[in-house]
J.: 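This structure is in structure tokens; I'll ask about it shortly.
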Amino acid sequence: MWEEKDDKLNRAFTFKDFSEAFAFMTRVALAAEKMDHHPTWDNEWNKVNISLSTHSAGGKVTEKDRELAEKIDNILKS
Ligand SMILES: C[C@H](O)[C@H](O)[C@H]1CNC2=NC(N)=NC(=O)C2=N1
């Protein structure tokens with residue numbers, strides 16, 4: 001689940017393999033681009049760590065981050 005810490009919303013995801021992880025990242029990237037709101041993330045093989053904050057709000061968590069987090073959760077479920 002998402003955890004709010006140090007002005008960021010963080011969540012770690014683990015997939016079966018790299019293909020699954022990267023497919024998820026592609027879908028998140030398209031949703032993020034549509035919102036013009038982008039994650040800070042890293043990927044190592046089957047793991048993806050996502051961190052959300054709003055640069056234009058001085059790096060704080062805003063409604064935009066909560067909205068993107070919800071979209072990411074929906075991508076994961078679908
Ligand atoms: C110019 C462009 O709209 C801005 O830089 C957008 C792009 N993506 C962004 N992503 C995030 N996470 N925060 C922002 O403030 C932000 N701003």
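Every number for a ligand or one of its atoms is a count from 1 in the order of the listing. Keep in mind it's a predicted model, so treat the numbers as computed, not measured.
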J.: Assess Ser53 for proximity to ligand 1: is some non-hydrogen atom of it under 4.0 Å away?
T.: yes
J.: For atom 8 (N) of ligand 1, what's the nearest protein heavy-atom neighbour? Residue, atom name and distance, please.
T.: His38 ND1, 2.8 Å
J.: Looking at Glu4 and Lys60, is any side-chain nitrogen of the basic one under 4.0 Å from a carboxylate oxygen of the acidic one?
T.: no
J.: Enter the distance from Ser51:OG to Asn10:CG here, rounded to the nearest 0.5 Å.
T.: 4.5 Å
J.: For atom 13 (N) of ligand 1, state whether the nearest protein heavy atom is under 4.0 Å away.
T.: yes
J.: Give me the residue, atom name and distance of the protein heavy atom closest to atom 16 (C) of ligand 1.
T.: His55 ND1, 3.7 Å
J.: With a 4.0 Å cut-off on N to O distance, would you call Asp73 and Arg11 a salt bridge?
T.: yes
J.: Taking side-chain contact (heavy atoms from CB on, under 4.5 Å) as the criterion, tell me which of Leu52, Ile72, Ile50, Leu68 meets it with Leu9.
T.: Leu52
J.: Is Lys71 salt-bridged to Glu67, cutoff N-O under 4.0 Å?
T.: yes
J.: For atom 15 (O) of ligand 1, find the nearest protein heavy atom and state the residue, atom name and distance (0.1 Å precision).
T.: Ser56 N, 3.0 Å
J.: Any idea which atoms of ligand 1 are less than 4.0 Å away from a heavy-atom of Thr54?
T.: 13 (N), 15 (O)
J.: The test is side chain to side chain donor-acceptor pair (under 3.5 Å); show your working for Thr62 and Thr54 and say whether it passes.
T.: CA-CA 6 Å; Thr62 67; Thr54 302; 2.6 Å; yes
J.: Atom 2 (C) of ligand 1: which protein heavy atom is closest, and how many Å away?
T.: Asp36 OD2, 3.5 Å
